[in-house]
J.: 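What follows is a structure written as structure tokens; I'll ask about it next.
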Amino acid sequence: MKILIVVGTRPEAIKMAPVILALKEQPWAQVRVLATAQHRHMLDQVLNFFDITPDIDLDIMRPNQALTTLTARLLLDMDDVLLAEKPDVVLVQGDTTTVMAVSLACFYHRIPIGHVEAGLRTWDMDNPFPEEANRVITGRFARWHFAPTESSRQNLLREGIVDSAITVTGNTVIDALLMTAKKDLDLGINIDASKRLILITSHRRENFGEPFRNICRALKTLAERNPDVQFLYPVHPNPNVKDVAHEMLGASPNIILCAPLDYAPFVAAMQRSYLIISDSGGVQEEAPALGKPVLVLRDETERPEAVEQLVVKLVGSDYDRIVSETQRLLDDEAAYAGMSRGISPYGDGRGAERIVNVLKAFAA
Ligand code: UD1
Ligand code: UDP
């Protein structure tokens with residue numbers, strides 16, 4: 001069976017790497033890897049770490065790319081790829097523009113797709129934007145829905161997807177995390193060992209503009225009030241984030257702004273952190289498994305499991321909320337202990353194995 005596996009951005013590569021590596025070991029599977037390279041540097045960082053070389057690379061990224069142009073260029077390029085490759089199955093992961101455009105192209109070419117991390121929903125098309133729309137659209141086209149949790153399976157059933165097309169696999173991000181966390185990891189950045197570390201990431205499109213400026217104001221206040229705490233912020237290269245973060249936080253002595261970290265040092269940073277402030281989807285999934293509280297810079301999340309289990313809390317982009325909730329976790333030991341219990345609601349590290357089993361049954 002000829003399987004074309006698609007990755008476009010950093011999180012897709014992290015979460016697809018375990019699937020690629022597991023399928024490559026199967027004698028019945030002929031695996032081809034397509035990098036759309038919607039991200040360039042951040043995608044390459046991950047592929048290098050997992051020792052994966054794409055068979056096809058569309059090199060699609062442009063500085064500050066618009067969603068419409070990105071989608072149109074992906075669709076055009078996918079015609080050539082699908083005609084040349086003629087895959088039996090295409091696998092996509094998550095909710096990026098790459099996933100949505102590739103799924104649509106496969107639908108037009110009548111090629112079945114498997115959707116890894118299927119069924120996440122906020123039921124609000126504006127949050128996260130455009131990801132909620134991307135996964136709803138992809139969900140309409142998918143032949144196999146690899147849902148990370150029971151609640152994502154329920155979301156798919158609610159949309160009328162037949163149960164037999166859904167498999168609850170766990171999120172493959174935990175496979176990648178466990179593969180990585182057992183290595184000897186080096187953060188590679190000088191951190192004062194005696195001080196607590198707060199790790200920060202932020203890149204959501206719906207936060208661009210004033211919400212992101214509020215987030216930066218809150219971080220600046222927290223850094224001023226807590227000179228004994230270090231803040232490490234690997235800044236996403238999207239110019240809407242990077243320029244503002246450097247302008248507003250660059251002068252704070254205890255905020256370290258750095259380029260995106262390679263995956264292994266980032267896992268080391270999560271391990272080393274006291275708590276994490278982030279709007280990332282992947283980080284919401286990884287941090288609970290490492291026993292690290294996350295304050296999420298969003299008003300809603302398609303990953304409710306960790307919120308329900310009280311190890312992740314939504315704080316939005318509200319200045320007061322970010323400052324007060326962070327300060328509480330710094331000052332209140334009981335509150336901190338409650339959020340750092342070390343549970344893994346999103347997976348057990350065997351997601352890729354379950355995906356392989358479903359495809360193997362189809363190939364037989
Ligand atoms: C994309 C996804 C988002 C995902 C995020 C993970 C879409 C619409 N958005 O957001 O769902 O959560 O990736 O990080 O699919 N850039 C670089 N180098 C890189 C990567 C990006 O310079 O390696 C800059 C470029 O200027 C690029 C811009 O970031 O144009 C935006 O990249 P894009 O993939 O469109 O959106 P993200 O905000 O990264
Ligand atoms: N990550 C990384 N380096 C960084 C920041 C994040 O390797 O500097 C990893 C993180 O461990 C997680 C993934 O990137 O697995 C999350 O990607 P991102 O936040 O860009 O996207 P999202 O998950 O929100 O779609």
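In this chain, numbering begins with 1 at the start of the sequence shown. We use all heavy atoms of the structure for the numbers below, so side chains are in, but hydrogens, waters and symmetry mates are not. Source: prediction; values computed, not measured. Indexing begins at 1, ligand by ligand and atom by atom, following the structure's order.
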J.: Going by distance only, is there an N or O of Thr98 that falls short of 3.5 Å from an N or O of ligand 1?
T.: no
J.: Among all protein heavy atoms in this structure, tell me which lies nearest to atom 12 (O) of ligand 1, with the distance rounded to 0.1 Å.
T.: His203 NE2, 2.8 Å
J.: Which protein non-hydrogen atom lies closest to atom 30 (O) of ligand 1, naming both residue and atom, and how far is it?
T.: Arg62 O, 2.7 Å
J.: Return the protein residues near ligand 2 (heavy atom under 4.0 Å from any of its atoms), ordered by chain and residue number.
T.: Arg10, Pro11, Ile14, His203, Arg204, Pro234, Pro260, Leu261, Tyr263, Phe266, Met270, Ser280, Gly281, Gly282, Glu286
J.: Just so I know, are the side chains of Glu325 and Arg321 near enough to count as touching, which here means a heavy-atom distance under 4.5 Å?
T.: yes
J.: Begin from the C-alpha positions of Arg40 and Asp57 and carry the test salt bridge (charged side-chain N to carboxylate O under 4.0 Å, His left out) through to its verdict.
T.: CA-CA 10 Å; Arg40 184 70 277 170; Asp57 191 324; 2.9 Å; yes
J.: Are Thr69 and Gln65 packed together at the side-chain level, in the sense that at least one heavy-atom pair is separated by less than 4.5 angstrom?
T.: no
J.: Is any NZ, NE, NH1 or NH2 atom of the basic residue among Arg217 and Glu210 found under 4.0 Å from an Asp or Glu carboxylate oxygen of the other?
T.: yes
J.: Does the side chain of Asn240 pick up a donor-acceptor pair with the side chain of Asn64 at under 3.5 Å?
T.: yes
J.: Quiz question: by atom type and distance under 3.5 Å, do the side chains of Glu300 and Thr122 form a donor-acceptor pair?
T.: no
J.: Between Glu12 and Lys15, is there a salt bridge with N-O shorter than 4.0 Å?
T.: no
J.: Indicate, as side chain, backbone, both or neither, the part of Pro11 found under 4.0 angstrom from ligand 1 when only non-hydrogen atoms are considered.
T.: side chain
J.: Specify the protein heavy atom at minimum distance from atom 36 (O) of ligand 1: its residue, its atom name, and the distance to 0.1 Å.
T.: Arg205 NH1, 3.0 Å
J.: If you define the side chain from C-beta out and look only at heavy atoms, does anything of Phe266 sit under 4.5 Å from Leu185?
T.: no
J.: Considering non-hydrogen atoms of the protein only, which is the closest contact for atom 9 (N) of ligand 1, and what is the distance?
T.: Glu131 OE2, 3.7 Å
J.: Which residue supplies the protein heavy atom nearest to atom 35 (O) of ligand 1, what is that atom called, and how far is it?
T.: Gln65 NE2, 3.0 Å
J.: Tell me whether Asp331 at atom CG has more than 12 heavy atoms from other residues, nucleotides or ligands lying less than 6.0 Å away.
T.: yes
J.: Within the 4.0 Å heavy-atom shell around Pro130, which atoms of ligand 1 are there?
T.: 8 (C)
J.: Counting both backbone and side chain atoms, is some N or O of Thr96 under 3.5 Å from an N or O of ligand 1?
T.: no
J.: Taking atom 18 (N) of ligand 1 as the point of reference, which of Met61, His39, Met42 owns the nearest heavy atom?
T.: Met61
J.: For ligand 1, which atoms, with element, lie under 4.0 Å from some heavy atom of Asn64?
T.: 25 (C), 26 (O), 27 (C), 30 (O)
J.: Sort and list the pairs that fulfil ring-ring contact (aromatic ring centres under 6.0 Å, His included) and have at least one residue in residues 268-299, not counting sequence neighbours.
T.: Tyr274-Tyr336
J.: So is Met100 close enough to ligand 1, meaning a heavy atom under 4.0 angstrom away?
T.: no
J.: Can you sort out which atoms of ligand 1 are near Pro239, meaning under 4.0 Å from one of its heavy atoms?
T.: 26 (O)
J.: Can you establish whether the number of heavy atoms outside Arg140 located under 6.0 Å from its atom CZ is more than 12?
T.: no
J.: Charged N to carboxylate O below 4.0 Å: is that the case for Arg121 and Asp95?
T.: no
J.: Is a side-chain N or O of Glu132 found less than 3.5 angstrom from the main chain of Trp123, in a donor-acceptor match?
T.: yes
J.: What protein heavy atom sits nearest atom 8 (C) of ligand 1, and how far off is it?
T.: Thr97 OG1, 3.1 Å
J.: Within a strict 4.5 Å, meaning less than it, do heavy atoms of the Leu219 and Met248 side chains meet?
T.: no
J.: Can we say Glu131 and Arg204 salt-bridge, meaning some charged N sits less than 4.0 Å from an Asp/Glu carboxylate O?
T.: yes
J.: Students should be able to answer this: which protein heavy-atom is nearest to atom 38 (O) of ligand 1, and at what distance?
T.: Asn238 ND2, 3.1 Å
J.: Give the atom numbers and elements of ligand 1 that come within less than 4.0 Å of a heavy atom of His41.
T.: 23 (O)
J.: Give the numbers and elements of all ligand 1 atoms closer than 4.0 Å to a heavy atom of Leu67.
T.: 8 (C)
J.: Counting only heavy atoms, tell me which of Arg10, Gln38, Lys242 gets closest to atom 2 (C) of ligand 1.
T.: Gln38
